[in-house]
Amino acid sequence: MSFEAKSAIVTGGASGIGLRVVERLVERGARVVVADRDREALDRVRQSFGASVAPVEVDVRNEDDIAAMVAASRQLGPLSVAVNAAGMGEGHPVVEEDLETWNRVVSIVLTGVFLSVKHEAREMIRHGGGGAIVNIASINANVPTWGSAAYSVAKSGVEMLTRSSSLELAEHRIRVTCVSPGLVETPMAHRTGNMTPEMVQRWLDHTPLGRVGTTDDIAAAALFLASDDATWITGHNLVVDGGLSHTAGPVTRDLVS
Ligand SMILES: NC(=O)c1ccc[n+]([C@@H]2O[C@H](COP(=O)([O-])OP(=O)(O)OC[C@H]3O[C@@H](n4cnc5c(N)ncnc54)[C@H](O)[C@@H]3O)[C@@H](O)[C@H]2O)c1
């Protein structure tokens with residue numbers, strides 16, 4: 001998979017899944033606008049990747065920031081790839097959820113992706129069309145977990161935004177897809193308490209492939225969808241979760257001969 005001389009944007013590209021996507025794109029020849037709100041992490045990205053990246057401080061909730069992010073891609077060439085990975089996890093059970101938290105989660109996780117897709121696609125159209133946008137959703141788009149209603153609703157929205165925009169952008173030869181990770185070890189997974197031994201064991205009890213995901217697992221899927229190997233795929237949600245989403249049925253192994 002070559003991304004030689006391609007211009008790309010990765011939101012949330014200074015940490016975790018987004019950072020691994022940046023690394024893989026740069027390894028394969030792309031020049032990448034790395035958009036994130038974490039200034040210190042962006043400085044580290046600049047030191048690691050030098051001229052292959054253009055770090056831009058962005059809050060994905062702010063449309064002016066998103067417009068500036070897209071404008072920054074013009075120094076690197078016509079935009080042809082975007083991976084929208086910026087996100088956060090926070091929340092409480094519905095009856096305890098406060099409106100401020102709900103609005104913060106939905107504005108970053110869903111509205112941030114809407115603004116990104118809108119401006120990235122406009123830029124691709126401005127250059128005559130063609131390109132691939134990959135949104136990072138979550139298995140929570142389809143599988144609820146305790147205390148994550150706002151996040152799950154927002155990720156469901158990301159999946160439908162992906163499908164809706166894929167329909168509208170096909171005539172411009174722009175493909176829009178999403179990747180839905182299961183539990184992946186990242187700074188966010190540690191911050192949200194998902195990497196304690198007890199929590200990991202609960203996840204592994206429902207993960208046929210028997211391990212937590214890595215940022216490489218997700219970056220590989222995102223790069224495939226962004227690549228020329230996927231030119232007849234659009235609107236698709238690629239679930240990358242070690243099989244967890246398929247385990248809703250009862251465990252009957254000991255009852256079946
Ligand atoms: N780690 C998991 O288990 C997991 C599972 C499913 C989905 N995801 C999704 O993967 C994506 C990446 O998450 P991660 O686990 O790598 O987390 P991470 O915290 O390591 O990286 C997220 C990045 O997004 C940035 N960000 C957050 N809010 C932002 C904002 N308002 N504007 C700009 N940048 C912002 C952060 O600064 C950070 O660099 C997220 O969309 C997350 O919801 C993660």
Side-chain angles (χ1 to χ4, degrees), residues 9-24 33-45 53 55-66 68-69 72 82-91 103-117 119 134-145 148 150-159 161-162 178-196 199-200 202-204 207 211-219 221-222 237-242 244-245:
I9 290 175
V10 181
T11 75
S15 176
I17 291 167
L19 177 59
R20 192 65 191 115
V21 170
V22 171
E23 286 167 352
R24 279 187 168 240
V33 172
V34 182
D36 205 288
R37 68 174 174 185
D38 183 337
R39 188 177 302 175
E40 286 173 19
L42 283 175
D43 285 342
R44 289 194 292 275
V45 166
V53 297
V56 181
E57 195 177 332
V58 161
D59 186 327
V60 291
R61 293 169 287 186
N62 181 319
E63 191 157 11
D64 291 340
D65 282 7
I66 294 294
M69 164 184 95
V83 178
N84 297 314
M88 46 81 86
E90 193 183 356
N103 284 338
R104 185 168 50 247
V105 173
V106 172
S107 66
I108 293 176
V109 174
L110 175 56
T111 311
V113 177
F114 153 63
L115 291 173
S116 302
V117 170
H119 286 269
V134 183
N135 300 317
I136 306 300
S138 166
I139 55 162
N140 283 123
N142 291 291
V143 179
T145 50
S148 67
Y151 181 81
S152 302
V153 166
K155 290 295 191 184
S156 270
V158 169
E159 190 189 349
L161 175 73
T162 300
C178 61
V179 177
S180 281
L183 179 61
V184 177
E185 185 168 11
T186 65
M188 174 173 126
H190 281 280
R191 268 196 315 277
T192 51
N194 278 303
M195 294 309 303
T196 64
M199 188 65 96
V200 167
R202 294 285 173 92
W203 281 83
L204 294 186
T207 304
R211 67 172 173 83
V212 169
T214 66
T215 55
D216 253 329
D217 292 321
I218 311 308
N237 175 23
L238 180 52
V239 176
V240 183
D241 69 349
L244 181 143
S245 318

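The structure displayed is predicted, hence computed values, not measured ones. Remember, it's 1-based here, ligands and their atoms both numbered in the order they're listed.
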ask   = Do Ile66 and Val58 come within less than 4.5 Å of each other through their side chains, counting heavy atoms only?
value = yes
Shortest reach to atom 4 (C) of ligand 1 by a heavy atom, considering only Gly16, Gly182, Ser138 = Gly182
query = If every non-hydrogen atom of Val212 is compared with every non-hydrogen atom of Leu183, which pair is closest and at what distance?
reply = CG1-O, 3.4 Å
key: Distance-only N or O hit between ligand 1 and Ile17, under 3.5 Å   = yes
task = Please report the closest heavy-atom contact between Val109 and Met88, naming both atoms and the distance.
result = CG2-O, 3.6 Å
remark   = A student checking ligand 1 against Tyr151 at a 4.0 Å heavy-atom cut-off should list atoms 6 (C), 7 (C), 8 (N), 9 (C), 42 (C), 43 (O)
message = Is it true that Asn103 and Ser107 share a donor-acceptor pair across their side chains at a distance under 3.5 Å?
response = no
ask   = So, Ser116 side chain and Asn84 main chain: donor-acceptor pair closer than 3.5 Å or not?
value = no
inquiry  = Looking at every non-hydrogen atom in both residues, tell me the closest pair between Val56 and Ala72 and how far apart they are.
reply    = CG2-CB, 3.8 Å
note = atom 33 (C) of ligand 1 sits nearest the protein heavy atom Val58 O, 3.1 Å
query = Is it true that Pro187 lies under 4.0 Å from ligand 1, counting heavy atoms only?
reply = yes
query = Quick one: nearest non-hydrogen protein atom to atom 13 (O) of ligand 1, plus distance?
reply = Met188 SD, 4.0 Å
message = Looking at Ser138 and Ala141, would you say the former's side chain and the latter's main chain have a donor-acceptor pair under 3.5 Å?
response = no
query = Should the proximity of Val109 to ligand 1, defined as any heavy atom under 4.0 Å, be assigned to the side chain, the backbone, both, or neither?
reply = neither
query = Do Ser152 and Ser148 have side-chain N/O donor and acceptor atoms under 3.5 Å apart?
reply = yes
request  = Can you sort out which atoms of ligand 1 are near Ala86, meaning under 4.0 Å from one of its heavy atoms?
outcome  = 24 (O), 34 (N), 35 (C), 41 (O)
message = What protein heavy atom lies closest to atom 22 (C) of ligand 1? Include the residue and the distance to one decimal.
response = Gly87 O, 3.8 Å
ask   = Does an N or O anywhere in Val60 fall below 3.5 Å from an N or O of ligand 1?
value = yes
ask   = Side-chain contact, heavy-atom cut-off 4.5 Å: Ile108 with Arg37?
value = yes
query = In the protein, what heavy atom is nearest to atom 34 (N) of ligand 1, and what distance, to one decimal place, separates them?
reply = Arg37 N, 3.4 Å
message = For atom 19 (O) of ligand 1, what is the closest protein heavy atom, and at what distance to 0.1 Å?
response = Arg191 NH2, 2.9 Å
inquiry  = Checking Asn194 against Glu185: is there a side-chain donor and acceptor pair closer than 3.5 Å?
reply    = no
task = Provide the number and element of each atom of ligand 1 under 4.0 Å from a heavy atom of Leu183.
result = 3 (O)
ask   = Between the side chains of Thr145 and Asn140, is a donor N or O closer than 3.5 angstrom to an acceptor N or O?
value = yes
query = What protein heavy atom is closest to atom 18 (P) of ligand 1, reported as residue, atom name and distance in Å?
reply = Ser15 OG, 3.6 Å
ask   = N/O of Val184 under 3.5 Å from N/O of ligand 1, yes or no?
value = yes
ask   = Which protein heavy atom lies closest to atom 7 (C) of ligand 1, and at what distance to 0.1 Å?
value = Ala137 O, 3.2 Å
ask   = What part of Thr186 sits under 4.0 Å from ligand 1 if we count only heavy atoms: the side chain, the backbone, both or neither?
value = side chain
ask   = What part of Ser180, side chain from CB on, backbone N/CA/C/O, both or neither, has a heavy atom under 4.0 Å from ligand 1?
value = neither
Geometric N/O contact Asp36 with ligand 1, under 3.5 angstrom = yes
ask   = Which pair of non-hydrogen atoms, one from Ala137 and one from Pro181, has the smallest distance, and what is that distance?
value = O-CD, 3.4 Å
Check: Ala85 N/O within less than 3.5 Å of ligand 1 N/O = yes
task = Using a strict cut-off of 4.0 Å, indicate which atoms of ligand 1 neighbour a heavy atom of Ile136.
result = 9 (C), 10 (O), 11 (C), 41 (O)
Taking atom 6 (C) of ligand 1 as the reference point, the nearest protein heavy atom with its distance = Pro181 O, 3.4 Å
Option whose closest heavy atom lies nearest to atom 41 (O) of ligand 1, chosen from Met88, Arg20, Glu40, Lys155 = Lys155
request  = Please report the shortest heavy-atom distance between Ala14 and Ala41, naming the atom on each side.
outcome  = CB-CB, 3.6 Å
inquiry  = Strictly below 4.0 Å, N to O, side chains only: are Arg211 and Asp217 in salt-bridge contact?
reply    = yes
task = Measure the distances from the heavy atoms of Gly89 to every atom of ligand 1 and state whether one is below 4.0 angstrom.
result = no
message = Under a 4.0 angstrom heavy-atom cut-off, which atoms of ligand 1 come close to Asp59?
response = 30 (C), 31 (N), 32 (N)
request  = Please report the closest heavy-atom contact between Ala154 and Val106, naming both atoms and the distance.
outcome  = CB-CA, 4.3 Å
